[in-house]
Each structure stands twice: as structure tokens, then as C-alpha cells.
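The structure under discussion appears below in the form of C-alpha cells.
Since the model is a prediction, treat every value here as computed from it, not as a measurement. Lettering follows sequence order; numbering is per chain, from 1.
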Number of protein chains: 2
Amino acid sequence: MGRPRTALIDRQRITTEALRQVDGTGGFSVPEIARRLGVRTGSIYHHVDGREGIVELLRERVCEAIDASMLGTLPWDEALPAWARSYRAAFAAHPRVIPLLLASPVRAPRVLAQYEAVVGVLLGAGFRVGEVMRVIVALENVVLGAALEGAGPEGMWELGEEGGRVPGLVRALEAEPEGRAEAAFELALGACVRGFRELLLP
Amino acid sequence: MGRPRTALIDRQRITTEALRQVDGTGGFSVPEIARRLGVRTGSIYHHVDGREGIVELLRERVCEAIDASMLGTLPWDEALPAWARSYRAAFAAHPRVIPLLLASPVRAPRVLAQYEAVVGVLLGAGFRVGEVMRVIVALENVVLGAALEGAGPEGMWELGEEGGRVPGLVRALEAEPEGRAEAAFELALGACVRGFRELLLP
DNA sequence: ACCTGAACACCGTTCAAGT
DNA sequence: ACCTGAACACCGTTCAAGT
């Protein structure tokens, strides 16, 4: 067949299909992407830097939805929670990609640029350089943890027959109100920001 | 050859070898475990419920190191942070297993029993049933997030040439004191416990 | 530059055959 | 019960050959 006049696939379509698979099954495979796009497995490698490259594309795709515009305008203790909420919403829309992303370090320039902006906000607010990463990581934990909850039917606890041994846990899971993820997130977020503020005191 | 007089391998040795591989490379494979134990791939399946079963064994192995004894004795606001510290230490010793565990829901009875105990502590302290999971999940986010930091050379940010574009991030990473993970964890942990306490007010 | 077709080494899983 | 050997379907990656 040889090279077609116009490319049959592109990075965008590869990313979309990979995300579709991850949302549905928690994983993806290169041959399966190729099949769905009506192309041979090898063709994928003309557009993408292997499987790891696709993971990085997924990271970029999910992170595109994060709004970071407030980082330059609002004061730090409003900008940080606002950014965190947008961050969480982006990942909550695709919670099953998170384990995938944790396996490899962040390389996507777009994502690194956001962290760079957050560093700027914190330094501008008066946080010491040596404390900045501590604050960022703490915030990120809360954000990703909250997003992860959407990964399973009732979060990370999918109790089958084992439920009989843990009646209290079952009760607690059943008693949860609808918007648990949201409420848990706001609880931890608020607590952390107040904790950060104490670092600024002389 | 047929069945040997005494079994050549057991679940314990399979788990130890799998953990060794995960600590070293971030992943494991059934054939590689078999090779290292001097046995054929198929033999593994006589002792273990497939690859997923091995993941669950890893969860149990890592969680064995968690001390939950304080859950029955100390008041909630001392028991919870003490449990969280032990929890974190156990995972910080093997940070690369965490992404593996996130992919599948918790089934290990030993682990579920600990959560059951925490539920009991919180109910006993006066938290409402509907709030218990919120508190537990928030705490767990902090714990696992802090443990994850040990996965890479300098946490999740392994900057190569991309470092030139994010000077502030590089500066912040370099300025971090030695015990960052520990300090970040204590910061978030303290803030969260104080946040939880406010839920108890009338 | 971009697709095919074919190849390679690897993986997870199963199962009859042996003791 | 537990090991082997062989098989199966699948995966990630590479690459010459074609346009």
C-alpha cells in the first residue's frame, strides 16, 4: 500500500482512543488502538514515542482541562484552592488514568509550566524556597486522592463477600451522602490551606 | 519430573521475589518470578491466583508492617496520626508498589480489618457515620501521597533537559531540605487532624 | 513522511501428563 | 497436591519494502 496521500491517523486520534480505553477498562494497548483506528499496529509508532509516549499524551490531554489563569491574579490563598479545584475536576473526569501517570515522572511541558507558575505564586506570597515543594506536594496529594475516589463504584473499596467481616466499614460506606468525594476534598483542602498559612507566620 | 516430595516454592517466596522486582524496576512478571525461583512459569499458578493474586499478596506483605495496636487504646486524635505514621512508613519502604495497588480495589482481609478498626475509633469519638469515610479517605490521601515521594530520585519530578524551562521549579527542588517527605507529611497530617476535629464541634 | 507485513522477544494463562 | 512441557492468544517494538 505505501504512504497514503494524507495521514490516516494522528496523535490526537491516538490519544482520544487511548483515553477511551483507559476510561472503560483501566488500561490500553497499542494493538487495540491500532485496530480501532483501522490501521496496523506498527503505524502507531510513526506518530508516537511508544507506549510511554502515549501515557505522556494522556497526561497532557487530561491536564489541558486545568484552568491555571488565577495563578497570576488572585492572592495565594484564593489562587491555590481555585487551582486545586480545577485540577481535581480534570482528573475526576478520568480517574483511571491516575495510576498510569503515577508510574512515570512528569515530563509534559504544559504540566511543568503550571507547577512553575505555582512555585511563583508561593514565592511571591512569602513562602521560603525550601518549603515550596512541601506545600505543592501536600496539595497535590489531596487533589489526586480526591480524584481517585471516582475510579471504582464506591471508591477504592469494592466489597464483595468480604463485606461480612467488616460490618462497620460497610455501614460507613452506605451512610455516605451523595457528594462525598466533593465534601472530602473540600475538607482536606481547607484544612491544608489553613496549615500552609501558619508557615507564613513569623 | 512430576510432583516433588516437598513443594519447591510457596506463596511467601513468590511474594518476596515479586516485591524485589517491583522495588527494583517498578513492575514484575510471572515468568521472571519463575525464572528467579528456578521453576517453570506454570508452577506459579499452583500457589497463587494469577497476577492479580500476586498484587494482593504484595498489598498484604507491605501492610504487615503497619502497626494498628494504638487504635484500641489511644484517644482518636492521637491514635489516628500514630496509625497514619506507621502506615506511611510501611509504604515509604516500598513506594513503587503503590501505583500497582491503586489499580485494584482492596480485598486483603488484614487490610480491611484495619479500616474496620479505624471506623470503630471514629464512631467512638463521635463522628457521624456519614462522615467517617470522608475522614478516612482524606487521611489516606496524605499517607499514600507522602509515601509516593520516595518513588523517584527527587520525588515525582525527574527533570532532564526540560529543567531549563522551569527554573523556579528547579530552584524549589534544589532548596528542599533532606527530610522533605517527612516534613511535608507532618504538615498535611497535622492540618487534617485539626480539620477533622472541627467536624466534632456542635 | 507514513503505511503494510512480517518478524522478534516477551507476557499471562491453561492444561494434560507425570509423580 | 505440585511440577513440567507445550500450547494459546496477546503484547510492545522494529524494520525493510513500498508509495
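Around CD of A/Glu60, the count of heavy atoms belonging to other residues, nucleotides or ligands within 6.0 Å exceeds 12.
For the pair A/Ile44 CD1 and C/dC3 P, the interatomic distance rounds to 9 Å; values are reported in whole Å. Spacing between atom CD1 of B/Ile14 and atom C1' of D/dC2 amounts to 11 Å, rounded to whole angstrom units. D/dC2 atom P lies 10 Å from atom CD1 of B/Ile9, rounded to whole Å. One interatomic measurement links the two molecules: CG of A/Leu8 to P of C/dT4, which rounds to 6 Å at whole-angstrom precision.
For an aromatic pair to be called close, the ring centres must be under 6.0 Å apart, and A/Phe196 with A/Trp76 fails this.
The pair B/Asp10-B/Arg13 meets the salt-bridge criterion, since a charged nitrogen lies less than 4.0 angstrom from a carboxylate oxygen. Ion pair B/Glu174/B/Arg171 not flagged as a salt bridge, since none of the NZ, NE, NH1 or NH2 atoms sits closer than 4.0 Å to an Asp/Glu carboxylate oxygen. A salt bridge is defined here as a Lys NZ or Arg NE, NH1 or NH2 lying under 4.0 Å from an Asp or Glu carboxylate O, and B/Arg165 with A/Glu116 fails to meet this definition. Comment: A/Glu17 does not engage A/Arg35 in a salt bridge, judged by the lack of any side-chain N to carboxylate O separation of less than 4.0 angstrom.
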Sequence-aligned protein contact record of nucleotides 8-19 of chain D, with B where the base is within under 4.0 Å of a protein heavy atom and S where only the sugar-phosphate is: ---SSBB---BB
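A close approach under 4.0 Å does occur between a side-chain nitrogen or oxygen of A/His47 and OP1 or OP2 of C/dC3.
Counting only Watson-Crick or G-U wobble pairs whose defining distances are both under 3.5 Å, the stems of 3 or more consecutive pairs in DNA chain C are C:4-8 with D:12-16, C:12-16 with D:4-8.
Taken from CD1 in B/Ile136 to CG in B/Asn141, the straight-line distance is 12.0 Å, to the nearest 0.5 Å.
Applying the side-chain hydrogen bond (donor to acceptor under 3.5 Å, both in side chains) definition to pairs two or more places apart or across chains, those involving residues 42-56 of chain A are A/Glu56-A/Arg59.
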